[in-house]
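Basis for what follows: all heavy atoms, side chains included, without hydrogens, waters or symmetry-related copies. Keep in mind the model is a prediction, meaning the values are calculated, not measured. Residue numbers start from 1 in every chain, and the chains themselves are labelled A, B, ... in the order their sequence lines are given, proteins ahead of strands.
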Amino acid sequence: MTSAELAAIAAQSPVWAFEEARKLVERVKRTGQAQVLFETGYGPSGLPHIGTFGEVARTTMVRHAFETLTEGRIKTRLLAFSDDMDGLRKVPDNVPNQEMLTQHLGKPLTKVPDPFNKFESFAHHNNAMLRDFLDRFGFEYEFASSTDYYTSGRFDEALLHMLRNFDKVQAIMLPSLREERASTYSPFLPVHPKTGIVMQVPVEKIDADAGTIAWRDPDTGEAFETLVTGGHCKLQWKPDWAMRWYALDVDYEMAGKDLIDSVKLSGSIVRALGKNAPEGFNYELFLDEKGAKISKSRGNGLTIEEWLTYAAPETLALFMFQKPREAKRLHFDVIPRAVDEYLQFLAGYGKQDWKGRLGNPVWHIHAGKPPAPEVLHHGADAPAATVNFAMLLNLVAVANSEDPAVVWGFLRRYAPGVSQQTHPRLDALVRYAIAYFRDFVRPAKVYRLADDVERDVLARLDAAVAAMPADASAEDIQFEIYNVARPTPRYQDFKAKGATPERPGVSNDFFNMLYQVLLGENRGPRFGSFAALYGLAETRALIAKALSGELKSEHEAFLESRKKAA
RNA sequence: GAGCGCGUAGCUCAGCCGGUAGAGCAUCUGACUUUUAAUCAGAGGGUCCCGGGUUCGAAUCCCGGCGCGCUCACCA
């Protein structure tokens with residue numbers, strides 16, 4: 001497959017990333033430009049959330065699609081721009097040192113001390129976290145700080161240009177505002193020379209030649225004349241966006257649907273300044289489990305760390321790739337599904353033709369180079385099988401253990417020869433499954449105490465297990481279990497296959513009792529297999545704890561401690 | 001008020017540029033040399049929200065409704 005052939009197929013692809021990229025191809029044809037700049041915006045007024053990540057992930061997918069379409073002939077850059085000169089408007093609920101932050105309301109975020117006491121400022125902290133996440137995913141990007149750009153003078157020319165076009169900007173902005181706001185609105189926000197606060201005040205006079213605005217402190221009445229350049233003024237958000245597009249020649253920037261009106265206004269402004277607005281599209285928002293927009297300051301919805309506790313980064317990328325125009329609820333339930341879909345797409349990739357591959361999410365997630373899937377073989381001639389998350393969750397529950405080695409014991413029983421070394425990503429998957437089990441499955445367990453009949457049969461089961469050799473097979477154990485339960489009238493089943501009046505079968509009720517009392521579940525594994533793998537000594541200990549009531553009380557204590565932690 | 005999205009099996013959803021409805025879970029039946037569930041096979045179940053239009057043909061495209069949800073109208 002040559003890059004030209006690939007580009008030809010991509011040119012026909014209905015995948016959204018290619019649709020977006022084709023808009024850029026058209027743009028390049030129109031302008032003849034030799035480079036394309038992608039921008040993603042980030043407001044560091046709170047911890048970076050999953051939507052921020054999603055924007056970078058999706059933009060990167062468009063970027064890669066564009067490079068495929070143009071066979072790498074057009075240089076591309078991705079600028080992750082942090083609007084860190086913005087004034088702190090509200091103290092986020094989910095950070096420490098609330099009182100301290102309150103003292104600095106209104107100051108540029110790069111002048112607000114870091115409530116975590118680790119960085120030069122709150123913005124520096126949040127910027128660092130964002131970069132951390134982006135680096136962890138291996139994104140290629142250039143980080144840009146608004147404060148740096150303003151203070152270094154990189155925006156000066158554009159700022160002066162906007163000052164000269166002050167009336168045009170106002171003509172666009174004012175009709176979008178209510179009367180009382182419109183009467184005081186200014187695109188330029190001077191930084192107060194004494195308090196350092198980003199002021200929202202009416203401009204009394206502009207001097208385009210001197211590059212200054214005149215304004216008045218509303219509290220003291222003191223008059224000031226401030227340069228719009230050099231970081232002495234910040235722009236209001238929409239003009240700021242437009243100015244950035246103008247100054248940097250941004251070609252592509254996507255935004256959430258909450259910003260549709262803003263994109264239009266900023267686009268009008270940049271055109272009034274004499275340049276084209278970037279291409280872009282509006283994605284739907286991420287919602288929390290109640291269907292509300294997730295927000296940095298409220299900290300609702302899933303965080304990136306939370307997702308990464310239970311699943312690999314590429315599964316989150318899959319979530320971002322799929323249906324960007326549809327609202328998606330972001331809560332824990334969607335993780336197992338995302339993981340299994342990812343594994344399925346990965347497993348299918350090798351068998352697809354190139355048209356199929358370009359439509360396969362893993363092609364976009366891994367920039368055209370998805371890794372080979374890790375497969376298991378149940379016997380030498382058996383077809384390759386992939387272990388999915390749902391199955392692993394079952395396994396972990398079956399193992400009744402949060403030790404990866406125990407889970408691997410089950411895996412090796414299925415496919416001898418596999419190990420953490422041969423299947424590192426499967427090992428990671430095992431650990432994710434364990435984390436998910438610990439946090440979501442285990443808390444849902446309900447242990448009950450055994451009644452007298454059950455205590456009797458459990459005691460006899462314990463004795464039977466004690467009498468077995470340590471290396472008893474799963475089948476032997478299973479056989480003994482039947483013999484233990486058979487004399488107990490409650491569990492006798494005369495309708496069972498092979499049952500006779502003298503030798504009844506054992507009903508499912510017996511096994512259900514074991515699961516409820518020993519595992520806190522209504523379902524469970526074949527018990528002989530479980531005991532063989534879990535260990536006979538461990539099984540006896542489990543029975544002892546069930547009989548003493550410890551299982552139940554320990555689980556209740558566990559639930560209680562979770563409640564307190566939350 | 002404006003914008004965006006959704007409406008397909010009991011539940012959660014796939015159905016990519018139009019070609020006689022699919023998956024997972026759930027339910028039911030059966031297999032697995034004494035009856036489990038890390039397994040397998042099979043079954044049942046849908047006016048694809050409604051009404052028009054385009055077409056030989058529409059879940060899919062267009063128009064109009066209805067219902068649900070979200071977002072923006074202060075700030076970012």
For nucleotides 12-19 of chain B, list the nitrogen or oxygen atoms of the protein found under 3.5 Å from its nitrogen or oxygen atoms, one pair per line.
{"from": "B/rC13", "atom 1": "O2'", "to": "A/R337", "atom 2": "NH2", "distance (Å)": "2.7"}
{"from": "B/rA14", "atom 1": "OP1", "to": "A/K323", "atom 2": "NZ", "distance (Å)": "2.7"}

Inset, instruction - Check whether more than 12 heavy atoms from other residues, nucleotides or ligands sit under 6.0 Å from atom CD of A/E402, and answer yes or no. - result: yes

Inset, instruction - Once you apply the 3.5 Å cut-off to both distances, tell me the Watson-Crick or G-U wobble partner of B/rG44, or none. - result: none

Inset, instruction - Using atom CE of A/M85 as one end and atom C1' of B/rA76 as the other, report the distance to the nearest whole Å. - result: 15 Å

Legend entry - Integer-rounded Å distance: B/rA23 P and A/Q344 CD: 13 Å

Inset, instruction - Take atom CG of A/L265 and atom C1' of B/rA76, then tell me their distance rounded to the nearest Å. - result: 14 Å

Inset, instruction - Scan every strand shown for a Watson-Crick or G-U wobble partner of B/rU12, both distances under 3.5 Å, and answer none if you come up empty. - result: B/rA23

Legend entry - N-O pairing of A/E480 and A/R460 below 4.0 Å: no

Inset, instruction - Could you work out the separation of B/rG57 and B/rU20 based on their P atoms and round it to a whole Å? - result: 15 Å

Inset, instruction - Report which part of the nucleic acid A/R486 touches: base, sugar-phosphate, or nothing (heavy-atom distance under 4.0 Å, all strands). - result: base

Inset, instruction - Tell me which nucleotide among B/rU34, B/rA76, B/rG3 gets nearest to the side chain of A/I260. - result: B/rG3

Inset, instruction - Looking only at side-chain atoms of A/D261, point me to the closest of B/rC72, B/rC74, B/rA76. - result: B/rC72

Legend entry - N-O pairing of A/D427 and A/R431 below 4.0 Å: yes

Inset, instruction - Round to a whole Å and report the spacing from CZ of A/F345 to C1' of B/rG24. - result: 14 Å

Legend entry - Side-chain heavy atoms of A/L519 within contact of A/L514, under 4.5 Å: no

Legend entry - B/rC4 pairs with, by Watson-Crick or G-U criteria that keep both distances under 3.5 Å: B/rG69

Legend entry - A/E20/A/R325 ion pair, N-O < 4.0 Å: yes

Inset, instruction - Please give the nucleotide sitting opposite B/rC32 as a Watson-Crick or G-U wobble pair, both distances under 3.5 Å, or none. - result: none

Legend entry - Euclidean distance for C1', B/rA21 against B/rG45 (whole angstrom): 13 Å

Legend entry - Between P of B/rC72 and CG of A/L177, the distance in whole Å: 16 Å

Inset, instruction - Counting Watson-Crick and G-U wobble pairs only, both distances under 3.5 Å, name the nucleotide matched with B/rC61, or none. - result: B/rG53

Legend entry - Distance, C1' atom - from B/rC66 to B/rC74, rounded to whole angstrom: 34 Å

Inset, instruction - Would you mind classifying the nucleic acid contact of A/D83 as base, sugar-phosphate or nothing, using non-hydrogen atoms under 4.0 angstrom? - result: sugar-phosphate

Inset, instruction - Using the C1' atom as the reference point in each nucleotide, state the distance between B/rU54 and B/rG64 in Å, no decimals. - result: 15 Å

Legend entry - Atom-to-atom span, CG of A/L285 to P of B/rG69 - whole angstrom: 17 Å

Inset, instruction - Mark yes or no for a side-chain to base donor-acceptor pair under 3.5 Å between A/K257 and B/rC72, with no hydrogen or angle criteria applied. - result: no

Inset, instruction - Whole angstrom is fine here: how far is it from CE in A/M173 over to C1' in B/rC74? - result: 12 Å

Legend entry - Non-neighbouring partners of A/S268 that pass side chain to side chain contact (heavy atoms under 4.5 Å, CB included), sequence neighbours left out: A/I172, A/R271

Legend entry - For atom CG of A/L259 and atom C1' of B/rC4, their distance in whole Å: 13 Å

Legend entry - Carboxylate-amine/guanidinium proximity below 4.0 Å for A/E39 and A/R244: yes

Inset, instruction - Would you please name every residue forming a ring-ring contact (aromatic ring centres under 6.0 Å, His included) with A/Y246, sequence neighbours left out? - result: A/H161

